[in-house]
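The structure under discussion appears below in the form of structure tokens.
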There are 2 protein chains.
Amino acid sequence: MKYDLTKKSTKGAQRTLRAFSDAMYKLLAEKSYDDISINEICKISNFPRATFYNYFEDKKDLLNYCWLLFKEESNIEQYHDVADEDLQEYVLGQIFEAMDQHRELLTQLAKHNANNSSIVSSIYEYFKNEAITILKQHLKNQTSKVPLELVAEHYSNTILLVLKWIFIENHPLSKREAMEYVDELLGK
Amino acid sequence: MKYDLTKKSTKGAQRTLRAFSDAMYKLLAEKSYDDISINEICKISNFPRATFYNYFEDKKDLLNYCWLLFKEESNIEQYHDVADEDLQEYVLGQIFEAMDQHRELLTQLAKHNANNSSIVSSIYEYFKNEAITILKQHLKNQTSKVPLELVAEHYSNTILLVLKWIFIENHPLSKREAMEYVDELLGK
DNA sequence: TTTAAATTTAGACATGTGTAAAAATACGTT
DNA sequence: AACGTATTTTTACACATGTCTAAATTTAAA
């Protein structure tokens, strides 16, 4: 991301960011990610390409920004202390909510893009990293031969695997059922 | 892959396939995957770009072909019946051997490419699919609430996670230790 | 309101991607 | 060795990507 999201941004910048991400969302609902060109995004959003490159490194960079909005827009309850044994449930719940509130977009994505296209792995990786970040902080007191990082990534893999099954591969399950799947896969 | 690998190929085709994959290997040892262009591959292998497109869809397609060679060249013992409880060990062992015999290339890859670059996920996905294929066939008689496909993918994820840790993130472990990690992650 | 600073824009450039059709070449078969 | 087929090469084209610069415009602050 070329644009600095931490500093407070001007109205113009807000408008521009919004225009580009809206255009991306619109195109994602219409066609496969690979078939979307930056030229097209610019045409729809009525900004010149130079402006696009003022804000984003490339198409993937914009996509990542879209996932950020995606997460922020689903006003997930803020994190509050969770008992360690509820940790996986908490993380799964948070991402489940975010995806649940964007079911339509995800359905369209699944429709236009093959299952292992770069866009599916893009969303997968984005939320996996979210999960890893939370899990790593709270698994510190575990005693296991396997390194903490591996455990955190493994839990995250498992959670995202089930969420992909539900929201991308379109097997509707409740949050509770999702949790049961995760528990069983983790041998609990 | 545009070229049909199943039919027996002419000497010329063999030579061409070899030239392209050699060029790719050479470049992979030198620079990051994203910085490798098809033009460059063609310059090194002394073939025109159109010939490249006779054989491969795109750069990723050639890369996938490289993993195929990678696997074939490590003369892994042929599959023979394995007891179900040894299945994970068998699959892990096979891929461990293949990666072990290409340690140098993997080290170079890790050096030039960020951890989640498309090339790392490319090799990850390739072997993950190998693992899934074997596991799916042999997990048929499991009785679990979680669907077979999910279980197979979960096991494969876990195996590849540990192998990535060892060969890409460069934490040397023996095959036995790797197996212990996998068992612990799977809650065995 | 004015002005200095920051941002945005237009356009050009070099490079890369992928397709298509015709021409040249190599190859196995006889 | 010559033939006919299949492959490879040449050539040309259309479009995408990413960078750069100078000019225009917008913004924030005086």
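Proteins get letters first, then strands, A, B, ... in listed order; numbering begins at 1 in each.
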Mind calculating the distance between [atom1] ([X]) and [atom2] ([N]) to the nearest angstrom?
X	N	atom1	atom2	value
B/Ile38	D/dC15	CD1	P	19 Å
B/Glu40	C/dG16	CD	P	8 Å
B/Asn54	D/dA6	CG	C1'	11 Å
A/Asn46	C/dT8	CG	P	16 Å
A/Phe47	C/dG11	CZ	C1'	18 Å
A/Phe52	C/dT7	CZ	C1'	17 Å
B/Phe56	D/dT7	CZ	P	15 Å
A/Asp34	C/dT17	CG	P	14 Å

Check: A/Ser122 main-chain N/O paired with A/Lys60 side-chain donor or acceptor under 3.5 Å: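 Flag not set: sc A/Lys60 to bb A/Ser122 has no pair under 3.5 Å.
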Between the side chain of A/Ser156 and the main-chain N/O of A/Ala152, is any donor-acceptor distance below 3.5 Å?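 Yes, the answer is positive, given that a donor and an acceptor are paired below the 3.5 Å cut-off.
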Of all the choices, [options], which nucleotide is nearest to the side chain of [X] once you look at every atom?
X	options	answer
A/Ala50	C/dG18, D/dG18, D/dC20	D/dC20
A/Lys2	D/dT19, D/dG18, C/dG18	D/dT19
B/Arg15	C/dT9, D/dT10, C/dC27	C/dC27
B/Thr51	D/dG18, C/dG18, D/dT9	D/dT9
B/Asn39	D/dT9, C/dT9, C/dT17	C/dT17

ring-ring contact (aromatic ring centres under 6.0 Å, His included) with A/Phe52: which residues, sequence neighbours excluded?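 Expected list: A/Phe20, A/Phe56.
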Do A/Phe70 and A/Phe127 have ring centroids that are under 6.0 Å from one another?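 When the ring centroids of A/Phe127 and A/Phe70 are compared, they turn out to be within the sub-6.0 Å range.
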Check ion pair B/Lys31-B/Glu40 (N to O, under 4.0 angstrom):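 Judged by the 4.0 Å cut-off on N to carboxylate O distance, B/Lys31 and B/Glu40 do form a salt bridge.
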Counting the atoms with a prime plus P, OP1 and OP2 as sugar-phosphate, which does A/Tyr3 contact under 4.0 Å by heavy atoms, base, sugar-phosphate, or nothing?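 It contacts nothing in the nucleic acid.
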When we call it a touch if two heavy atoms are under 4.0 Å apart, what does B/Thr16 touch: a base, just sugar-phosphate, or nothing?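 Sugar-phosphate, no base atom in range.
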Return the 5'-most residue of the pair A/Arg49, A/Thr10 with respect to DNA chain D, ranking by each residue's nearest nucleotide.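 Comparing both residues, the 5'-ward one is A/Arg49.
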Distance check: side-chain N/O of A/Tyr53 vs OP1/OP2 of C/dT9, anything under 4.0 Å?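 No, no such contact exists.
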